[in-house]
Amino acid sequence: SHRTHCCPGMYQFDLLVVALRMAATTMLLVGLPGQPGAVTGLSSEGQVLMELYHSTDGQHWLNNSGWGSGDDPCNGPWHGVECSGQVPYVAQLSLGQNSLSGTIPSQLSSLARLEYL
């Protein structure tokens, strides 16, 4: 079932996620050395999350602990990232009131099983 989530002072991103998924049914993000935001060795979900990190000024978030560390956001503690499933996937991003500033990258639509943003 679809749940609506919002926090005081935060934008509701449900419609944005739906629009992004419709606009990009298949998307592949390849991190190339020297490309802004590229982190070598990360899983594809990790690369997408690092795009979010860079496009929303992650170095100045209130809490960015764990971001970009390890090879997979589901194998290490990335603040605000919650995973689910027997084969873990990113299910929730809880980054409200963390001083994100910028735009949400379209690559986020490739997190097909993201339930909460």
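Between E45 atom CD and R113 atom CZ the span is 7.5 Å, to the nearest 0.5 Å. In this structure, Q59 CD and W67 CH2 are separated by 14.0 Å, a value rounded to the nearest 0.5 Å. With rounding to the nearest 0.5 angstrom, the CG atom of L49 is 5.5 Å from the CG atom of L111.
Counting heavy atoms from C-beta on, the side chains of S94 and E82 come closer than 4.5 Å.
Residues S55 and T103 come closest through the heavy atom pair OG-O, 2.8 Å. Contact between L108 and V48 at its shortest, heavy atoms only, is CA-CG1, 3.8 Å. The two residues W61 and T56 make their nearest non-hydrogen contact at NE1-O, 3.0 Å.
Listed by chain and number, the residues in a side-chain contact (heavy atoms from CB on, under 4.5 Å) with S84 are Y89, A91 (sequence neighbours excluded). Q86 meets the side-chain contact (heavy atoms from CB on, under 4.5 Å) test with no other residue; sequence neighbours excluded.
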| request: Take V81 and L93, measure what side-chain contact (heavy atoms from CB on, under 4.5 Å) needs, and give me the verdict at the end. | output: CA-CA 5 Å; V81 177; L93 295 177; 3.8 Å; yes
Just list the side-chain donor-acceptor pairs under 3.5 Å for residues 70-80, sequence neighbours left out, or say none.
{"unit_1": "D72", "atom_1": "OD1", "unit_2": "C74", "atom_2": "N", "d": "2.7"}
{"unit_1": "W78", "atom_1": "NE1", "unit_2": "G66", "atom_2": "O", "d": "3.1"}
{"unit_1": "W78", "atom_1": "NE1", "unit_2": "S69", "atom_2": "O", "d": "3.0"}
{"unit_1": "H79", "atom_1": "ND1", "unit_2": "N63", "atom_2": "ND2", "d": "3.2"}

